[in-house]
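One structure below.
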Number of protein chains: 2
Amino acid sequence: MSTTGRRRPPTIHDVAREAGVSRGTVSRVLNGGHHVSPASADAVNAAIRKTGYVVNRHARSLITGRSDSVAFLLTEPQERFFEDPNFNVLLRGCTQALAAHDIPLLLVIAGTEAERRRISRYITAGHVDGVLLVSSHSGNPMAERLVKARIPVVACGKPLGQGARIAYVAADDRDGAREMVRHLAASGRRRIATVTGPPDTPGGVERLAGYRETLAEAGLPADERLVAEGDYSRAGGERAMAELLERAPDVDAVFVASDLMAQGALTALERAGRRVPEDVAVGGFDDSPAALGTRPPLTTIRQPWDRISTEMVRVLLGRIAGEDPSAVILPTELVRRDSA
Amino acid sequence: MSTTGRRRPPTIHDVAREAGVSRGTVSRVLNGGHHVSPASADAVNAAIRKTGYVVNRHARSLITGRSDSVAFLLTEPQERFFEDPNFNVLLRGCTQALAAHDIPLLLVIAGTEAERRRISRYITAGHVDGVLLVSSHSGNPMAERLVKARIPVVACGKPLGQGARIAYVAADDRDGAREMVRHLAASGRRRIATVTGPPDTPGGVERLAGYRETLAEAGLPADERLVAEGDYSRAGGERAMAELLERAPDVDAVFVASDLMAQGALTALERAGRRVPEDVAVGGFDDSPAALGTRPPLTTIRQPWDRISTEMVRVLLGRIAGEDPSAVILPTELVRRDSA
DNA sequence: CTGAAAGCGCTTACAG
DNA sequence: CTGAAAGCGCTTACAG
């Protein structure tokens with residue numbers, strides 16, 4: 001009569017009965033099969049197939065205290081992340097790396113302080129085993145809170161404030177910037193400007209430092225009129241480039257600290273009637289999908305996003321397993337296209 | 001001695017003791033406060049604050065059979081989704097709409113058949129209460145499986161195969177296409193081509209239908225050389241436009257069924273030395289962020305993504321609460337910029 | 001309105 | 001190797 005009704009899913013008890021063993025034995029098979037005779041294991045596996053049994057994770061989590069899932073946590077206004085293709089690449093990479101471990105990724109966006117509070121409670125309540133923290137800005141209160149609550153965390157990019165207590169994975173920002181500026185100088189440019197990231201972000205600080213060092217090495221004079229601050233947005237890049245053009249009309253190259261900002265810079269240059277790369281060479285940073293959408297295609301510094309996400313997941317899983325926080329710095333690579 | 005160790009989080013039992021009531025009463029306060037005296041409720045709330053109690057969701061889910069979370073499920077190769085900015089907008093909208101209900105979003109990508117199988121099991125195991133299904137192609141085996149397993153599902157875009165059994169939210173594709181083609185014709189274009197979406201997607205079918213209808217209404221002859229098939233990717237759009245240029249060199253306008261493909265079409269036109277909009281007017285579809293990154297900025301049809309995501313969440317929550325599947329069709333809007 | 005009690009589905013020492 | 005049993009933290013009829 002009730003075959004039409006929604007059948008209750010089979011439990012471990014049904015499997016045990018079917019296999020003719022105790023629930024304990026079924027559980028042992030489920031959890032690695034140690035201390036189980038081959039015959040019992042076979043019987044259990046057959047019973048699982050026959051009944052279509054799937055473990056109830058809530059019950060398991062209740063007793064193990066683990067959720068077997070991980071959060072991908074964004075702690076900035078969403079617009080930034082969704083505008084910037086880097087975000088996609090990172091999210092995709094982490095999703096994939098986690099999937100390989102059969103761990104689902106919980107996407108959590110905490111852009112406002114109210115949201116951050118709510119999410120803190122959510123995470124602290126044991127909903128996830130660890131957090132992949134994506135936030136370019138330092139002094140992030142979330143990181144502090146999470147670390148204090150003993151939640152395993154690994155950040156993308158070096159957290160400027162937190163000291164050594166938090167694990168992170170980052171590209172070698174400074175070295176990447178140096179390579180780009182060397183490339184610009186090698187093509188004979190002499191008035192090389194830069195559009196920086198925000199000064200409270202590792203990319204903002206390190207890429208600028210690399211720029212300055214390389215200028216000095218090349219014997220080019222430092223000129224503060226050649227430095228404009230951006231905010232990693234396309235609009236910010238456009239604004240900064242316009243500023244640069246006004247302050248230093250003789251600029252003949254610019255290193256822009258992100259591809260998205262470089263896209264904006266290109267717009268500003270076009271409006272000003274400057275040809276790229278003939279009049280002004282433009283170098284970006286990231287090698288994000290944004291670099292291909294521009295005209296001309298962007299010469300840029302590739303961040304190894306695949307490796308970054310893989311490493312973030314690896315380190316986080318290690319942290320969850322009890323390992324100490326570690327830092328991973330990955331090398332970048334110059335990608336030559338047409339803009340410089 | 002043990003204050004340094006990781007303190008076990010407070011349970012409902014601790015709260016009950018603190019408040020001087022039974023665990024049942026605490027639970028009642030937690031679940032709406034019905035059948036609880038104000039005095040007890042106050043005592044419980046005070047105890048919750050004092051102990052910092054947060055409900056253990058695993059225990060709750062075990063008994064209620066609900067997870068209080070929802071999956072955002074992508075069932076296509078990831079590249080497509082991450083390449084296409086529409087995806088971002090949708091994901092962001094759903095995340096926000098869900099956050100308003102305090103429901104976390106689980107991002108799940110099932111691009112390969114193996115992944116789909118794994119994810120099916122995952123979802124069927126009761127890990128989520130419902131699924132926001134994002135997949136442009138029809139005949140999606142996932143949808144079938146989920147519906148069969150009685151999982152509440154709402155699709156983005158009308159599922160071509162599934163009939164009336166699955167709820168969906170979509171923009172009015174046909175009407176949007178008609179408006180764009182009318183706009184093109186109104187500007188005096190006579191050789192209006194189209195780059196379509198895949199023929200097994202609702203957008204591929206409906207937007208092409210709208211194109212044909214409007215051409216007929218405008219008294220323009222149907223010419224199959226003016227129809228090229230795209231795949232919603234930038235590269236596909238570029239390819240299709242090149243094809244069009246070869247087959248019908250006198251083309252003076254093109255309606256491209258997605259902004260991303262339009263971006264590709266622009267590249268092909270530029271390579272062919274055609275000016276936009278002077279020689280060829282280009283109209284897109286979506287009003288995705290891709291439409292702003294082009295030169296010239298794209299005239300396009302806006303899909304009301306905010307409303308689409310809000311509605312998807314609303315319908316899904318309704319389904320979870322037991323409502324019947326419903327379909328929501330939202331109006332589009334012509335956005336005039338410089339490309340047409 | 002409220003407490004005592006059963007039970008959700010699982011894991012894990014504990015004995016054998 | 002394996003079963004019986006306790007217990008994870010919660011919710012929900014059931015009596016009062």
Side-chain angles (χ1 to χ4, degrees), chain A residues 6-48 51-69 121-122 124-129, chain B residues 6-48 51-69 121-122 124-129:
Chain A
R6 182 168 191 172
R7 237 179 282 119
R8 281 180 49 256
T11 71
I12 201 170
H13 188 258
D14 300 316
V15 176
R17 189 170 353 118
E18 180 70 33
V21 299
S22 73
R23 283 135 81 225
T25 299
V26 175
S27 181
R28 277 177 216 114
V29 173
L30 254 25
N31 293 286
H34 304 303
H35 309 289
V36 177
S37 70
S40 295
D42 288 348
V44 168
N45 285 130
I48 287 175
T51 56
Y53 172 76
V54 179
V55 65
N56 180 320
R57 297 250 181 173
H58 300 308
R60 174 180 284 176
S61 292
L62 178 56
I63 192 158
T64 62
R66 298 197 15 176
S67 67
D68 295 317
S69 68
R121 286 176 17 112
Y122 181 80
T124 311
H127 235 104
V128 297
D129 296 332
Chain B
R6 181 168 191 174
R7 237 180 282 118
R8 281 181 49 256
T11 71
I12 201 170
H13 189 257
D14 299 317
V15 176
R17 188 169 355 115
E18 180 70 35
V21 300
S22 72
R23 283 134 81 227
T25 298
V26 175
S27 182
R28 277 176 215 114
V29 172
L30 254 25
N31 292 284
H34 304 304
H35 309 290
V36 176
S37 71
S40 296
D42 288 348
V44 169
N45 284 130
I48 288 175
T51 56
Y53 172 76
V54 179
V55 66
N56 179 322
R57 296 251 181 174
H58 301 308
R60 173 180 284 176
S61 292
L62 179 56
I63 193 160
T64 62
R66 297 197 15 176
S67 67
D68 295 318
S69 68
R121 285 175 18 110
Y122 181 80
T124 310
H127 234 106
V128 297
D129 296 332

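Here the structure is a predicted model, which means the values were calculated and not measured. Chain letters run A, B, ... following the sequence lines, proteins first and then strands; every chain starts at 1.
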**Study point:** Backbone of B:Val21 reached by a side-chain donor or acceptor of B:Thr25 within 3.5 Å
**Key:**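 Not confirmed, B:Thr25 side chain does not pair with B:Val21 backbone.
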Practice item. Mark yes or no for whether A:Thr64, through its side chain, and A:Arg60, through its backbone, hold a donor-acceptor pair below 3.5 Å. Key: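 Yes, A:Thr64 side chain to A:Arg60 backbone: donor-acceptor pair under 3.5 Å.
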Check your understanding: Does A:Thr11 or B:Ser40 map to a spot on DNA chain C nearer the 5' end, using the closest nucleotide for each?
Key ->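 The residue closer to the strand's 5' end, by nearest nucleotide, is B:Ser40.
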Check your understanding: Using atom P of each nucleotide, how far apart are D:dC1 and D:dA5 to the nearest Å?
Key ->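 Here D:dC1 and D:dA5 have their P atoms 23 Å from each other.
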Review point. Name the one of A:Ser61, A:Ser69, A:Ser67 that satisfies side-chain hydrogen bond (donor to acceptor under 3.5 Å, both in side chains) with A:Asp129?
Key: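 With A:Asp129 as partner, side-chain hydrogen bond (donor to acceptor under 3.5 Å, both in side chains) holds for just one option, A:Ser67.
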Review point. Where is the tightest heavy-atom contact between B:Ala41 and B:Val29, given as atom of each residue plus distance?
Key: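 Reported closest heavy-atom pair: CA-CG2, 4.1 Å.
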Review point. Could you walk me through whether A:Asn56 and A:Thr11 pass the side chain to side chain contact (heavy atoms under 4.5 Å, CB included) check?
Key: CA-CA 8 Å; A:Asn56 180 320; A:Thr11 71; over 6 Å; no
Point to revise | Nearest-nucleotide comparison on DNA chain D, the residue closer to the 5′ end among A:Arg23 and A:Ser37 | key: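 Its nearest nucleotide being more 5', the pick is A:Ser37.
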Practice item. Under the side chain to side chain contact (heavy atoms under 4.5 Å, CB included) rule, what do B:His127 and A:Arg57 come out as? Steps first, then yes or no, please. Key: CA-CA 7 Å; B:His127 234 106; A:Arg57 297 250 181 173; 3.1 Å; yes
Exercise for review: Given side chain to side chain contact (heavy atoms under 4.5 Å, CB included), test A:Leu30 with A:Tyr53 step by step and report yes or no.
Suggested key: CA-CA 11 Å; A:Leu30 254 25; A:Tyr53 172 76; 3.7 Å; yes
Base, sugar-phosphate or nothing for [X]? Non-hydrogen atoms, less than 4.0 Å.
X	value
B:Ser27	base
B:Arg57	nothing
B:Ser61	nothing

Exercise for review: Could you list where the contact with chain A starts and ends along DNA chain D, reading 5' to 3', using a 4.0 Å heavy-atom cut-off?
Suggested key: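 Listed 5' to 3', the contact boundaries are D:dC1 to D:dG9.
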Exercise for review: Enumerate, in order of first residue number, the stems that involve DNA chain C, defined as 3 or more consecutive Watson-Crick or G-U wobble pairs with both distances under 3.5 Å.
Suggested key: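 In DNA chain C, stems of three or more pairs: C:1-3 with D:14-16, C:5-12 with D:5-12, C:14-16 with D:1-3.
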Practice item. Check the pair B:His13 / B:Val26 against side chain to side chain contact (heavy atoms under 4.5 Å, CB included), numbers first and verdict last. Key: CA-CA 9 Å; B:His13 189 257; B:Val26 175; over 6 Å; no
